[in-house]
Amino acid sequence: MLAKSKKKPAAKKKPGSAKPKAAKIAKASKAAKTARAAGTDPKRVAAILAKLDEAYPNATCELKHENAFQLLISTILSAQCTDVRVNQVAETLYKKFPNPEAFAHATPSELEQEIRPTGFFRNKTKSVMGASKAILETFGGQVPRTMEEILTLPGVARKTGNVVLGTAYGIASGIVVDTHVQRLSNRLDLTRNDDPKKIEQDLMQIIPRGKWIQFSHQIIWHGRRVCQARKPKCVECNLETLCYSKDKTV
Ligand code: SF4
């Protein structure tokens, strides 16, 4: 009689060894996102910066302003609104409300009507009045000069902080990441992230600090004039030979 072959007991699965497929895919996709974009080779980045200098040597912030305070207010108003519309509103706004005192002590309903064309006017009124009060009470009437301090103002996040510190004071604390910088950084493969905070960190690692302010202006100009969201004008783009975006139209 043949001896009964002993069945090997099934090997105990180590806890966590059989991850569901979905979890593995999610992990792989996260790893791909956190990996550095292939386009961040220093020579390529330098070539992109040179092309931007060539195309936009005088790029600057398109929000009209006479001082840091006006730029702060206009930047708050520019959320979900065009710079052109904000500039139209600003023409009369700063005549009626020329300084932080005037904004801080404004009648909210009157201010709301002034800034109504920029949209979200109730929230924006709260932000500009709150920021003006904080500037008076905490910062001696001056827009603060550090990111840490400027972020304490109501309605101010890193994007606004970077616009004001960079444009009004020439202080490079970071890189403005608005909708254009977000889109173009991805198209140019300078980041693989979608979150503005992560995009800013990625850009700060590959763009020399001395170029942070100008780079933001130049990319915003390029996004408005050439690399538009729906139909980028790739035939007119001087970055075309460096760009391998799937959105290219040539
Ligand atoms: S080639 Fe087209 S997609 Fe690429 S940066 Fe230029 S305009 Fe944008």
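Computed from a prediction, not measured in an experiment: that's the story for all the values here. Counting convention: from 1, in listed order, for ligands and their atoms alike.
Residue Cys227 counts as close to atom 8 (Fe) of ligand 1, with an N, O or S atom under 2.8 Å. When distances to atom 6 (Fe) of ligand 1 are checked against a cut-off of 2.8 Å, Cys237 contributes an N, O or S atom below that limit.
Ligand 1 places these atoms under 4.0 Å from at least one heavy atom of Glu240: 1 (S). Near Cys234, meaning under 4.0 Å from any of its heavy atoms, are these atoms of ligand 1: 1 (S), 2 (Fe), 3 (S), 7 (S).
Protein heavy atom in closest approach to atom 4 (Fe) of ligand 1: Cys243 SG, 2.3 Å.
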Verify side chain to side chain donor-acceptor pair (under 3.5 Å) between His217 and Tyr56, making sure each step is shown before the conclusion.
CA-CA 9 Å; His217 294 318; Tyr56 310 108; over 6 Å; no

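Atom NZ of Lys248 has more than 12 heavy atoms from other residues, nucleotides or ligands within 6.0 Å. Shown here is Gln142, whose CD atom has no more than 12 heavy atoms of other residues, nucleotides or ligands within 6.0 Å.
Inter-residue side-chain proximity for Phe215 and Val176 is flagged as unmet; no heavy-atom pair is nearer than 4.5 Å.
The structure places CE of Met147 at 3.5 Å from CG of Asn162, a figure rounded to the nearest 0.5 Å.
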